[in-house]
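Here the structure is laid out as structure tokens; the discussion comes afterwards.
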There are 2 protein chains.
Amino acid sequence: MTSMTAARTTSADRPQPGLRERKKIKTRQAIRTATYALIEEQGYDATTVEQIAERAEVSPSTVFRYFPTKEDIVITDEWDPVMMAELRARPEDESWADVLKHVMRTALDLSLAEEPEVTRLRTRLGVEVPAVRARMMESMAATGRLLREALAERSGLDPDSLELRVFAMSVMGGLMEVSQYWAETGHRDDIRELVDRALDVLEHGLPTGKP
Amino acid sequence: MTSMTAARTTSADRPQPGLRERKKIKTRQAIRTATYALIEEQGYDATTVEQIAERAEVSPSTVFRYFPTKEDIVITDEWDPVMMAELRARPEDESWADVLKHVMRTALDLSLAEEPEVTRLRTRLGVEVPAVRARMMESMAATGRLLREALAERSGLDPDSLELRVFAMSVMGGLMEVSQYWAETGHRDDIRELVDRALDVLEHGLPTGKP
DNA sequence: CCATGAAATGAGAGTAGCTCTCAAAATATA
DNA sequence: TATATTTTGAGAGCTACTCTCATTTCATGG
């Protein structure tokens, strides 16, 4: 977020963002890579920020300069802008469930293609480490706020109305559960199918309810 | 939890639970009261566990013996068993939305009658303090697991199925948003009406969707 | 009423996440 | 090359939280 606004200072878009920016990206990535490796070796709780800093060859202060909390090193992703753009690009007459299916599929395909192991590790930590799960839920709530902006545009409803807020958060709650389910069952299923099934539930209610 | 199992050691149920149990309850209450008072005076972050211990006239160790985290001192409530009992007691043919309306109403009436200020303070902290909100969401997820057990009994669905899990969590997500909304709007509305409206959204979808 | 066993408490040391400050180093700019 | 700005590292400090062990408080049986 910060880097995006700081990117264009005064000059036009340069292909090379300058040494400073490049180093920052490298440092950020080094910290995340070190964190993932250490967690795989020792588990989350046993991994201290000091160890992360050491392996990433930076000081502990620097780690906290890049990530506000230890959990954020794990869960931070940058798909929100992509998802929102995709969301607004969907045709006007498409049902919200179909819209979300497309959007989620796009985000998941990107994420799984780019770093499949990390995607799985993250969801697993979401199950195993309460602090990580909590941070995920926070991030989910933030995405929910974005979602309801977009849904407000589509539907013409007030984005601050209780109804839209409840709706958006219930969708996000359901999607969060998909992530938990996927990880708890050992990532056996195709998560995109799980998402589709979840959105079917949210759209049509539970199946096999007495008619 | 611990106290409940330890309650009946060998003798029959006594009206007076013994001096030890009574003292424990008093200590627990003293800690919570001290916490609420200090938070009102100074805010959440500025209130340290040491201060809480001092005002409650116990040692800091004792505070952590009674509550696993500082957030738990604030958010712990004991309505889950009540709600579950109420849930199972509803007539078989009632819709799940109506069931939940009744259950939530019962819980809210109890909570508001017993300690209205605390109920409001809690929801307010859920908006203002990320750590408290996170803990609330955890507790919400736990309630969601109970909810899906009960819903499984009613519907005959597998409690571990993705569908039921998604459904239960989406309901809890929606209810969580009600709490946020209520606090953000200064507790102006009747929260029981808000709950009803939220459950209507969850049952019938958003209003004014194009037909 | 007293002795014995069990539970609750307090004191204190220790860990680790996180914040803040300030000086040194790296980079951009002129 | 000189100067201004940004980034970093070192270190001190706070606090939530854990663990251990001695002391106190309550329960129980004689």
Side-chain angles (χ1 to χ4, degrees), chain A residues 2-3 5-11 14 16-31 35 38-39 42-75 129-132 134-135, chain B residues 2-12 14 16-31 35 38-39 42-75 129-132 134-135:
Chain A
T2 316
S3 56
T5 56
R8 71 178 76 85
T9 35
T10 169
S11 66
R14 218 180 307 167
Q16 282 288 66
L19 179 55
R20 226 155 220 174
E21 303 301 317
R22 267 179 291 155
K23 258 200 156 173
K24 265 164 66 168
I25 293 174
K26 267 176 85 173
T27 302
R28 193 180 171 85
Q29 199 50 46
I31 293 172
T35 305
L38 283 166
I39 288 179
Q42 319 172 334
Y44 182 87
D45 288 327
T47 300
T48 72
V49 174
E50 225 171 322
Q51 293 174 326
I52 294 171
E54 193 179 351
R55 182 164 307 195
E57 301 191 280
V58 294
S59 76
S61 338
T62 300
V63 174
F64 285 113
R65 227 176 248 117
Y66 278 78
F67 299 94
T69 73
K70 188 175 141 189
E71 298 94 58
D72 281 278
I73 310 177
V74 174
I75 67 107
V129 185
V132 172
R135 193 62 195 71
Chain B
T2 316
S3 56
M4 303 197 89
T5 54
R8 68 177 78 87
T9 35
T10 168
S11 66
R14 216 179 308 167
Q16 282 285 67
L19 180 54
R20 222 154 224 177
E21 303 300 317
R22 266 179 292 156
K23 258 201 157 174
K24 265 164 65 168
I25 293 173
K26 267 176 86 173
T27 302
R28 193 179 172 86
Q29 200 50 45
I31 293 172
T35 305
L38 284 166
I39 288 178
Q42 318 173 333
Y44 182 86
D45 288 328
T47 301
T48 72
V49 174
E50 225 170 322
Q51 293 174 329
I52 294 170
E54 193 179 350
R55 183 165 304 197
E57 302 193 280
V58 294
S59 75
S61 338
T62 300
V63 173
F64 285 113
R65 232 177 242 116
Y66 279 78
F67 299 93
T69 72
K70 187 174 140 189
E71 298 95 59
D72 281 277
I73 309 178
V74 174
I75 67 106
V129 185
V132 172
R135 193 62 196 75

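Below, read A as the first sequence line, B as the second, and so on, with proteins coming before strands; counting in each chain starts at 1.
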If a pair satisfies salt bridge (Lys or Arg N to Asp or Glu O under 4.0 Å) and one of its residues is in residues 46-55 of chain A, list it, with sequence neighbours excluded.
A:Glu41-A:Arg55
Can you tell which of C:dC18, D:dT18, C:dT9 lies closest to the side chain of A:Lys70?
C:dC18
Determine, for A:Tyr44 and A:Lys70, whether the Lys NZ or Arg CZ falls below 6.0 Å from the six-membered ring centre while staying within 45 degrees of the axis.
yes
By nearest-heavy-atom nucleotide on DNA chain D, the more 5' of A:Arg65 and B:Thr69 is A:Arg65
Round to the nearest Å and state the distance from A:Phe67 atom CZ to C:dA16 atom C1'.
19 Å
Suppose we screen for side-chain contact (heavy atoms from CB on, under 4.5 Å). Which residues come up paired with B:Ala53, at least two apart in sequence or across chains?
B:Val58, B:Pro60, B:Val63
B:Arg135 CZ - D:dA16 P separation (whole Å)
17 Å
Closest nucleotide among C:dT9, C:dA8, D:dT8 to the A:Tyr66 side chain:
D:dT8
Measure CZ/A:Phe64 against C1'/C:dG17 and give the value in whole Å, please.
5 Å
Please list residues of residues 47-57 of chain B whose heavy atoms come under 4.0 Å from any atom in DNA chain D, ordered by number; otherwise none.
B:Thr47, B:Thr48, B:Val49
Send over the distance from B:Asp45 CG to C:dC20 C1', rounded to a whole Å.
16 Å
Can you give me the closest heavy-atom contact between B:Gly43 and B:Thr47, atom names plus distance?
O-OG1, 2.7 Å
Which part of the nucleic acid, if any, lies within contact of A:Ser61, taking any heavy atom under 4.0 Å across all strands shown: a base, the sugar-phosphate backbone alone, or nothing?
base
I need the OH-C1' distance between B:Tyr44 and D:dT15, as an integer number of Å.
12 Å
Please tell me if A:Thr62 has a side-chain N or O lying less than 4.0 Å from either OP1 or OP2 of D:dG9.
yes
When the distance from NZ of B:Lys24 to C1' of D:dT25 is rounded to whole Å, what number comes out?
13 Å
Length of the line joining A:Ile31:CD1 and D:dT7:P, which is rounded to integer Å:
14 Å
What is the distance, to the nearest angstrom, from the CG atom on B:Asp72 to the P atom on D:dT18?
11 Å
With a 4.5 Å limit on heavy-atom distance, are the side chains of A:Val132 and A:Arg135 in contact?
no
Quick check: do B:Thr35 and B:Phe67 have side-chain heavy atoms less than 4.5 Å from each other?
no
The side chain of A:Glu71 is closest to which nucleotide in this list: D:dT7, C:dT9, C:dC18?
C:dC18
Please examine the side chains of A:Thr48 and A:Gln51, heavy atoms only from C-beta on, and report whether any two atoms are closer than 4.5 Å.
yes
Contacts of B:Thr27 meeting side-chain hydrogen bond (donor to acceptor under 3.5 Å, both in side chains) (sequence neighbours excluded), chain-then-number -> none
Between N or O atoms, less than 3.5 Å apart, protein on one side and nucleotides 25-28 of chain C on the other: list the pairs.
from: C:dA26; atom 1: N3; to: A:Arg20; atom 2: NH2; distance (Å): 3.4
from: C:dT27; atom 1: OP1; to: A:Lys23; atom 2: NZ; distance (Å): 3.0
from: C:dT27; atom 1: O2; to: A:Arg20; atom 2: NH2; distance (Å): 2.9
from: C:dA28; atom 1: OP1; to: A:Leu19; atom 2: N; distance (Å): 2.9
from: C:dA28; atom 1: OP1; to: A:Arg20; atom 2: N; distance (Å): 2.9

According to side-chain contact (heavy atoms from CB on, under 4.5 Å), who are the partners of B:Glu57, at least two apart in sequence or on a separate chain?
none
